[in-house]
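To start, the structure under review is shown below, and the notes come after it.
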Amino acid sequence: MAKTLVQEFTKGLWAEIPPFRLVLGLCPTLAITNTLENAYGMGVAVTFVLAFSNILISALRKIIPSKVRIVAFIVVIATFVIVVELVMQAYTYALFLKLGIFIPLIVVNCIPMGRAEAFASKNSIVRSALDGLGRGLGYTIALSVLATFRQVIATGAITIYETPITLFGPAFEPFRFLVEAPGAFICLGLMLGLMNILGKK
Amino acid sequence: MRELINMVVVLTGISLASGGLLASLRASTQERIDQQVLEFVKGPSVRGVFKDATNDPIATRFQLKDGQIVRTFFVGELEGSPRGVALEAAGKGYKGEVGLVVAVDTQTGKVIGIEVTTHSETPGLGAKAKTDPAFAAQFKGASVSSPAKVTQDGGSINAISGATITSRAVAGGVSNAFTIYERLKPQIEQKLKELRK
């Protein structure tokens, strides 16, 4: 059962990739994957929170009494979320405006909480850090893939940084439906199906 | 008993550390955040009222004390000299405050332009105060010495149909801006004079 350190990192990229395999953290997955910029912005924010909350919780795992562990985890996670919020406000305000409420909502996202409870509170600091980084990166990749698919088909453009880049000529007929809320569900469904087909042995 | 003390001590420790970290981070990012809010929230309106300005009115700004309140003024350069000032004011609308940016030409004492920044008025009716440029354009050229009024109150501003309260709020807000401007006029002119040097 014991995984090597490399496996600890790579499991989050494919085998246990958060939104597709664990089916956790779906609220932002559906809501903000309308442009690529939003998706990786959110991914980076979650990765930061995951990595640092995992490290800190793992470091404190022996001194946090088990009866109040959930409260302690929430304090730690909320602290890092506010750090992300302040930094985003100070340096990437436009992106902060677009992601809006979903940044503070990382506190109640199941991924950091789940990793704190299931992994970081039982494992060493190095393993917890790798676990957090791996899953955060996996989450970022997953959101980016979903967002690229939705944005390209729905608008014929891709936003890498601030301004959208048009990919097709004027003959392109945008399929706006995919950036609306129902389109998000359909795209996520297709992704999950695809992942299941690819994962079948 | 020991367990209880342990719980309290650990939670207090974590919360204190967290609070300290966040307080220091907030203090160190405050200035940049204020700057960003100016740029993204007020920036478009301030640039909107100073369409012909040759400088960046967001970058050229000063603050003045008005009693207890500190007000920010944005300076617009017109025809090569810093003579336009934009200030913020608010009027009481149908569903809360209607925030405004009002730009005044200090040489002629007339309005350069106004723009609605924040409001919670009814979409399609009161919200036109922000979306319909023709309404805001009516204030252009109004003199700061007399308050702006809608036609129903004996003024010259045509109210948006179906949104008299919002229109009054905008006119009232503009008049508020006039009173603030008149009250602080000596200090404003002093600051502008310093900028010319």
Side-chain angles (χ1 to χ4, degrees), chain A residues 37-38 41 45 48-49 51-100 103-104 106-107 112-113 116-117 120-121 125 161-163, chain B residues 1-48 56-61 72 74 88 96 99 101 115-120 123 127 130-131:
Chain A
E37 188 192 18
N38 286 1
F48 174 86
V49 173
F52 282 95
S53 66
N54 261 9
I55 290 171
L56 197 62
I57 287 165
S58 168
L60 296 172
R61 70 185 188 278
K62 296 218 171 76
I63 63 160
I64 295 176
S66 66
K67 273 187 186 162
V68 291
R69 66 182 192 285
I70 300 292
V71 186
F73 296 166
I74 290 177
V75 173
V76 171
I77 294 167
T79 307
F80 287 114
V81 170
I82 299 171
V83 170
V84 168
E85 213 184 332
L86 286 173
V87 170
M88 281 187 85
Q89 276 184 337
Y91 295 98
T92 55
Y93 199 83
L95 185 61
F96 174 78
L97 285 182
K98 278 185 241 154
L99 294 179
I103 293 296
I106 298 173
V107 180
M113 199 64 215
E117 168 72 12
S121 60
I125 297 177
Y161 184 68
E162 281 181 4
T163 40
Chain B
M1 196 58 201
R2 265 206 65 201
E3 197 194 1
L4 186 71
I5 294 169
N6 189 19
M7 286 195 297
V8 171
V9 168
V10 170
L11 273 186
T12 313
I14 292 177
S15 308
L16 275 179
S18 153
L21 171 75
L22 292 179
S24 64
L25 187 69
R26 171 141 190 93
S28 57
T29 52
Q30 188 69 53
E31 202 175 313
R32 260 206 79 101
I33 292 176
D34 290 345
Q35 176 88 25
Q36 296 272 34
V37 171
L38 270 182
E39 188 66 33
F40 284 92
V41 182
K42 295 172 189 163
S45 309
V46 173
R47 293 212 175 89
D56 179 6
I58 292 290
T60 330
R61 57 175 197 272
T72 308
F74 302 93
E88 287 176 87
V101 168
E115 203 158 302
V116 175
T117 48
T118 51
H119 71 90
S120 38
K130 189 180 171 84
T131 53

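Just so it is clear, the model here is predicted, and its values are computed rather than measured. The sequence lines fix the lettering, A, B, ..., with proteins before strands; numbering per chain opens at 1.
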Which atoms form the tightest heavy-atom contact between [X] and [Y], and what is the distance?
| X | Y | value |
| --- | --- | --- |
| B/Ser18 | A/Thr79 | OG-OG1, 2.8 Å |
| A/Val68 | B/Met7 | CG1-SD, 3.5 Å |
| B/Ile14 | A/Val75 | CG2-CG1, 3.7 Å |

(request) Give a yes or no on this: more than 12 heavy atoms of other residues, nucleotides or ligands lie within 6.0 Å of atom CZ of A/Phe52. (result)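 No - once you tally the heavy atoms of other residues, nucleotides and ligands closer than 6.0 Å, there are 12 at most.
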Atom [atom1] in [X], atom [atom2] in [Y]: separation rounded to 0.5 Å?
| X | Y | atom1 | atom2 | answer |
| --- | --- | --- | --- | --- |
| A/Met88 | B/Ile33 | CE | CD1 | 11.5 Å |
| A/Lys67 | B/Leu4 | NZ | CG | 8.5 Å |
| B/Leu25 | A/Ile82 | CG | CD1 | 10.0 Å |

Contact origin within [X] toward chain B - heavy atom pairs under 4.5 Å:
| X | result |
| --- | --- |
| A/Leu60 | side chain |
| A/Ala94 | both |
| A/Phe80 | neither |
| A/Thr92 | backbone |

(request) Under 4.5 Å heavy-atom distance to chain A, tell me which part of B/Gln35 shows up: side chain, backbone, both or neither. (result)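 It is neither, since no heavy atom gets under 4.5 Å.
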(message) Just so I know, are the side chains of A/Val83 and B/Leu21 near enough to count as touching, which here means a heavy-atom distance under 4.5 Å?
(response) yes
(message) Which residue in the set B/Leu11, B/Asn6, B/Val8 passes side chain to side chain contact (heavy atoms under 4.5 Å, CB included) when paired with A/Pro65?
(response) B/Asn6
